2 protein chains.
Amino acid sequence: MRDFVKLFKALSDETRIRILKVLLERECCVCEVMQALTISQSRASRNLGILEDAGLIKSKRDGLWIVYSIDEQRMKSYTAPLIELLRSSLVNDEMLLQDRERLSHAVRICSKAMPK
Amino acid sequence: MRDFVKLFKALSDETRIRILKVLLERECCVCEVMQALTISQSRASRNLGILEDAGLIKSKRDGLWIVYSIDEQRMKSYTAPLIELLRSSLVNDEMLLQDRERLSHAVRICSKAMPK
DNA sequence: TACCTGTATGCATATATTCGAATATATGGA
DNA sequence: TCCATATATTCGAATATATGCATACAGGTA
């Protein structure tokens with residue numbers, strides 16, 4: 001039986017919803033997510049891990065970076081309606097506008113870009 | 001903006017998933033839910049309330065009883081894919097088989113039927 | 001090897017959630 | 001009005017979750 005509880009738990013957090021919406025725009029490495037949402041590195045990493053563990057996103061290594069993206073393979077199965085649900089809510093999402101704006105200026109090198 | 005977090009929080013609990021699946025079978029009053037799942041009265045009432053607050057189910061009074069049911073009106077909007085997701089998982093659900101069996105014997109009068 | 005950098009994780013803490021037991025509320029009948 | 005009963009709510013304890021800080025880990029480079 002599919003683990004609905006784990007799936008919905010992963011979705012029941014505002015930070016993770018924001019991350020998913022940003023990932024619907026394009027794939028991101030951890031440092032881009034933290035810049036887009038202006039959250040800490042550990043917070044970004046941990047929440048990305050929870051989303052991945054729930055099967056909503058996947059990761060691949062690209063040099064020093066770990067790049068996360070919506071798991072299109074799974075989307076075709078049971079997570080598809082969930083992703084569609086998120087997609088349908090992208091309009092008039094003020095928070096997403098800000099996250100997207102910051103993402104457009106995000107760079108892959110964090111330490112210098114984000115002294116904090 | 002739709003309150004996804006509240007919606008998914010409501011779904012991220014095994015008791016509430018079981019309740020939803022039972023309600024997909026047929027509408028139930030609180031005491032039928034508690035008998036079907038063999039849970040306490042306060043637990044049944046509280047979790048039904050959470051599901052209702054999230055907009056997944058609705059309630060109507062029938063004499064002494066409050067009867068809960070899937071909110072078909074909302075199903076047509078954004079909760080539809082969620083309900084479909086649940087429906088698709090009804091097969092091979094061992095727990096549901098048991099809940100359903102107990103529901104078939106449930107009666108509307110609790111105090112005598114469930115001395116506990 | 002040694003070092004730098006991006007990411008993951010262990011730990012402590014603040015907050016949130018869940019539950020049972022007890023109590024409050026609401027409806028219907030005598 | 002008074003009582004019985006179905007449901008809702010409050011309270012406290014146990015447990016789970018989210019986060020920051022510090023540190024460990026891993027890949028790239030010299």
Side-chain angles (χ1 to χ4, degrees), chain A residues 3 5-20 23 27-54 57-69 106-116, chain B residues 3 5-20 23 27-54 57-69 106-116:
Chain A
D3 198 348
V5 174
K6 175 187 277 190
L7 180 64
F8 291 131
K9 266 192 201 303
L11 289 163
S12 61
D13 179 272
E14 173 153 22
T15 300
R16 292 193 285 272
I17 295 289
R18 285 173 68 196
I19 290 177
L20 278 179
L23 288 182
E27 60 178 29
C28 295
C29 65
V30 177
C31 64
E32 286 172 324
V33 168
M34 60 186 282
Q35 288 172 82
L37 309 204
T38 55
I39 59 179
S40 73
Q41 184 270 323
S42 72
R43 186 172 168 186
S45 172
R46 228 184 292 264
N47 282 302
L48 282 163
I50 290 172
L51 288 171
E52 183 175 29
D53 189 49
I57 64 178
K58 62 182 177 184
S59 64
K60 66 180 180 200
R61 181 172 280 280
D62 177 14
L64 278 178
W65 299 278
I66 310 286
V67 181
Y68 287 90
S69 57
V107 290
R108 282 216 167 173
I109 311 289
C110 301
S111 18
K112 298 294 167 52
M114 296 195 72
K116 172 187 169 240
Chain B
D3 199 350
V5 174
K6 176 187 276 189
L7 179 65
F8 291 131
K9 266 192 201 304
L11 290 163
S12 61
D13 179 272
E14 173 154 21
T15 301
R16 292 193 286 272
I17 295 289
R18 287 172 68 196
I19 291 177
L20 279 179
L23 289 182
E27 61 177 29
C28 294
C29 66
V30 177
C31 63
E32 286 172 325
V33 168
M34 60 186 282
Q35 289 171 81
L37 310 206
T38 55
I39 59 179
S40 72
Q41 185 269 325
S42 73
R43 187 172 169 185
S45 173
R46 205 176 320 113
N47 283 302
L48 282 164
I50 290 172
L51 288 171
E52 182 174 30
D53 189 49
I57 64 177
K58 61 183 177 183
S59 64
K60 67 181 179 198
R61 181 172 280 279
D62 177 14
L64 279 179
W65 299 279
I66 308 285
V67 181
Y68 287 92
S69 56
V107 290
R108 282 217 168 174
I109 310 290
C110 303
S111 17
K112 299 294 167 52
M114 298 194 71
K116 173 187 168 241

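All of these numbers come straight from a predicted model, not from anything done at the bench. First the proteins, then the strands, lettered A, B, ... as listed; each starts at 1.
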Between dT7(D) (P) and Ile57(B) (CD1): distance, integer Å:
13 Å
Main-chain N/O of Arg43(A) paired to Asn47(A) side chain as donor or acceptor, under 3.5 Å:
yes
Look at all strands and tell whether Arg61(B) reaches a base, only sugar-phosphate, or nothing, counting heavy atoms closer than 4.0 Å.
sugar-phosphate
Without decimals, in angstroms, what is the distance between Leu48(A) CG and dA8(C) P?
7 Å
For the side chain of Leu64(A), counting heavy atoms from C-beta on, which of dT27(C), dG28(D), dA22(C) is nearest?
dG28(D)
Applying the Watson-Crick and G-U criteria (both distances under 3.5 angstrom) with [ ] for crossing and | for other-strand pairs, one obtains for DNA chain D ||||||||||||||||||||||||||||||
I need the CZ-P distance between Arg43(A) and dT9(C), as an integer number of Å.
18 Å
Rounded to whole angstroms, how far apart are CZ on Arg46(B) and C1' on dA24(C)?
15 Å
Please report the distance, rounded to the nearest Å, between CE in Met34(A) and P in dG6(C).
10 Å
Separation of dA18(D) P from Gln41(A) CD (nearest whole Å):
17 Å
Backbone N or O of Ser12(A) within a donor-acceptor pair of the Lys9(B) side chain at under 3.5 Å?
yes
Using a cut-off of strictly less than 4.0 Å, decide whether Tyr68(A) has a side-chain nitrogen or oxygen near OP1 or OP2 of dG6(C).
no
Would Tyr68(B) and Ile19(B) count as a side chain to side chain contact (heavy atoms under 4.5 Å, CB included) here? Give the steps.
CA-CA 10 Å; Tyr68(B) 287 92; Ile19(B) 291 177; over 6 Å; no
Could you state the CG-P distance from Asp13(A) to dA18(D), rounded to the nearest angstrom?
5 Å
Side-chain (Gln35(B)) to main-chain (Val107(B)) donor-acceptor, under 3.5 angstrom
yes
Atom-to-atom span, CG of Asp62(A) to C1' of dA26(D) - whole angstrom
14 Å
Side-chain N or O of Asn47(B) versus OP1/OP2 of dC19(C): is the shortest distance under 4.0 Å?
yes
If you define the side chain from C-beta out and look only at heavy atoms, does anything of Leu7(B) sit under 4.5 Å from Leu11(A)?
no
Compare side-chain N and O positions of Ser45(A) against OP1 and OP2 of dA8(C) and report whether any pair is under 4.0 Å apart.
yes
Between Ser40(B) and dG20(C), is there a side-chain N or O to OP1/OP2 distance below 4.0 Å?
yes
Arg16(A) vs Gly63(A), nearer the 5' end of DNA chain D by closest nucleotide
Arg16(A)
Examine distances only and state if a side-chain atom of Glu52(B) and a backbone atom of Leu48(B) form a donor-acceptor pair shorter than 3.5 Å.
no
Would Ser69(A) and Lys58(A) count as a side chain to side chain contact (heavy atoms under 4.5 Å, CB included) here? Give the steps.
CA-CA 6 Å; Ser69(A) 57; Lys58(A) 62 182 177 184; 3.6 Å; yes
Are Thr15(B) and dC19(C) close enough that a side-chain N or O sits under 4.0 Å from OP1 or OP2?
yes
Identify, between Ile66(A) and Lys9(A), the residue whose nearest nucleotide on DNA chain C lies closer to the 5' end.
Ile66(A)
